[in-house]
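One structure is given below, encoded as C-alpha cells.
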Amino acid sequence: MLYRTFGKTGERVSLLGFGAMRLPTAGGKVDEAESIRMIRHAIDSGVNYVDTAYMYHDGVSEEVVGKALKDGYREKVFLADKLPPWFAKDESDLPKIFETQLKRLDTDIDMYLVHSIEEGHMGVMKELNTYGYVSGLRDSGKIKRLGFSYHGKTTKFFKEVIDSLDWDFCQIQLNYMDKDIQAGVEGLKYAGGKGIAVVVMEPLKGGKLTGRVPDSIQSLWNGAPVPRTPAEWGLRWVANFPEATTILSGMTTMEQLDENLRILSDAKPDALTPGELALIDEASAEYNELIKYGCTSCAYCLPECPQKIDIPSIIGLNNDTALYDCFEASQFSIQNFVEPKPSACIECKKCEDICPQHLHIADIMKESAELYER
Ligand SMILES: NC(=O)c1ccc[n+]([C@@H]2O[C@H](COP(=O)([O-])OP(=O)(O)OC[C@H]3O[C@@H](n4cnc5c(N)ncnc54)[C@H](OP(=O)(O)O)[C@@H]3O)[C@@H](O)[C@H]2O)c1
C-alpha cells in the first residue's frame with residue numbers, strides 16, 4: 001500500500017481508504033460477516049483509513065465498522081465519521097447524534113466531518129451552531145481531526161467553506177467525469193495548497209464507471225497501450241493528483257477490494273503519461289455525452305421518500321436506456337419489477353433537498369412515469 005501525508009497534520013494515511021457506504025448485502029440486509037471480513041482484510045493489507053456515517057445503511061454501517069475494529073484492529077486505523085446537521089431539530093440534538101455514533105461504534109472517532117456541506121444546508125447549520133459544536137469537540141479532544149464533506153454546486157462556494165474554519169481535511173467527490181463540478185480539480189488544488197488534506201469520495205462515480213461499460217468506451221480502453229480495467233483507469237486518474245490524500249472506494253466484493261488494493265499499492269502521483277491522460281479525457285467526454293443523469297446511487301434520497309420509491313433504481317434504468325440503447329429492457333423492468341412505480345411520486349421534493357447531485361428528482365419521476373409506465 002502507498003501512503004500519503006494527511007495535509008498539515010503530518011499523519012500518514014493509506015492511499016486506499018475503505019468507504020463503508022456500500023457494504024455487501026444479503027437478503028436486503030448488510031452482510032455483517034462478509035463486511036467484517038473485508039474491512040479486516042483491507043486493514044491487514046495496509047489500509048488505515050475507514051469512513052462511515054450516521055446515515056449509511058440506516059446506522060448499521062457504524063455498528064458493523066465498530067465490530068470490524070474489535071480484536072486489535074481499532075489501533076491500526078483512523079476512523080472517520082460524519083455529523084448530518086439535517087437530522088437535528090435543534091442544537092441539543094447535535095450531541096445526541098454524536099453520542100449515538102459513539103455507542104454504535106463502541107469506540108472513539110478520529111476524523112469527524114460535517115456531512116455534506118452545500119449551499120442549501122447552510123441555514124440549518126448556522127441555526128444549530130454546527131461549526132461551534134464540532135470545533136468544541138476538537139478543542140476538548142473528543143475528536144482528533146475536523147473536516148467536512150462537500151456536495152455544493154460551485155467551486156467558489158467550496159473555497160468559501162475552506163476559508164471559513166480551521167479545517168484539518170475535507171472530502172470531495174472526484175472522478176474523471178466530475179472534474180469540473182462541485183469542488184472539482186480546482187477545489188482539490190485549492191485545499192491541497194492550503195495544507196488541508198483531501199479525501200476523495202466516489203472515485204468510480206459510485207460504480208458508474210465500472211461494471212457494464214458502453215461499447216464506445218470499452219473500445220477506447222481496448223486501444224490503450226497498457227491493458228487496464230475501467231476501475232484501474234478511474235482510480236489511477238484520481239491517484240495521479242498529489243493533492244488527493246486518500247481515495248475512498250465503497251467496495252462491495254472481496255474481488256473489488258483486492259483489485260483496488262493492487263492498483264493503489266502502485267499508483268504514484270503524476271505517473272500517467274500525456275497519452276494516457278488524453279485517453280481518459282476522451283472516455284470522460286464520451287460518458288458525459290451519453291449519460292442522462294449524474295446519479296451515483298448513494299441512496300441519500302431513500303429515507304426521505306414518503307412513498308418509498310426506489311429512486312436510484314429508476315434513475316439507473318433511465319441511464320441504462322441512454323448508455324446502452326435499451327429502452328425496452330428498462331421499460332420491462334419498471335413495469336414488472338419496480339414497486340412503487342415512478343407515478344407514485346407526490347412531488348414533495350424532500351429527496352431533492354438531500355440529493356448530493358442536485359437532481360430534479362420529481363421531474364425525473366414524472367418523465368419516467370410518462371415514458372416507461374405506458
Ligand atoms: N460524505 C458524503 O457525502 C459521501 C457521499 C458519497 C460517498 N461517501 C463516502 O465515500 C466512499 C466512496 O464512495 P463510493 O462508494 O461512491 O466509491 P466508488 O468507488 O466511486 O463506488 C463504489 C462502487 O464502485 C464499484 N467498484 C469499486 N471497486 C471496483 C472494482 N475494482 N471493479 C469494479 N467495480 C468496482 C462497485 O460498484 P458495484 O457495487 O455496482 O459493483 C462499488 O459499489 C463511500 O463508500 C462513503 O464512505 C461520502
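First listed ligand is number 1; within each ligand, the first listed atom is number 1.
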Exercise for review: Determine whether the side chains of Tyr54 and Ser61 contain a donor N or O and an acceptor N or O closer than 3.5 Å.
Suggested key: no
Practice item. Please report which non-hydrogen protein atom sits nearest to atom 47 (O) of ligand 1, along with the residue it belongs to and the distance in Å to one decimal place. Key: Asp51 OD1, 2.5 Å
Review point. Between Gly250 and ligand 1, is there a nitrogen or oxygen pair with a distance under 3.5 Å?
Key: yes
Practice item. Find all atoms of ligand 1 within a distance of less than 4.0 Å from any non-hydrogen atom belonging to Lys82, and give their numbers and elements. Key: 1 (N)
Practice item. Would you tell me whether Tyr112 and Gln101 have side-chain atoms, one donor and one acceptor, within less than 3.5 Å of each other? Key: yes
Review point. Do any N or O atoms from the side chain of Ser14 and from the backbone of Gly17 form a donor-acceptor pair under 3.5 angstrom?
Key: no
Point to revise | Modelled atom types, side-chain donor and acceptor of Glu373 and Gln331, under 3.5 Å | key: no
Review point. Heavy-atom distance to atom 16 (O) of ligand 1: which of Met201, Met21, Arg22 wins?
Key: Arg22
Review point. Any luck finding a side-chain donor-acceptor pair between Asp215 and Tyr324 under 3.5 Å?
Key: no
Exercise for review: May I ask you to check whether Trp167 and Tyr131 place their ring centres under 6.0 Å from each other?
Suggested key: yes
Review point. Considering only heavy atoms of Ala20, which atoms of ligand 1 have at least one such atom less than 4.0 Å away?
Key: 45 (O), 47 (O)
Review point. Which residue and non-hydrogen atom of the protein lie closest to atom 6 (C) of ligand 1, and at what distance in Å?
Key: Glu202 OE2, 3.2 Å
Check your understanding: For atom 33 (C) of ligand 1, what is the nearest protein heavy atom, given as residue, atom name and distance?
Key -> Thr210 CB, 3.6 Å
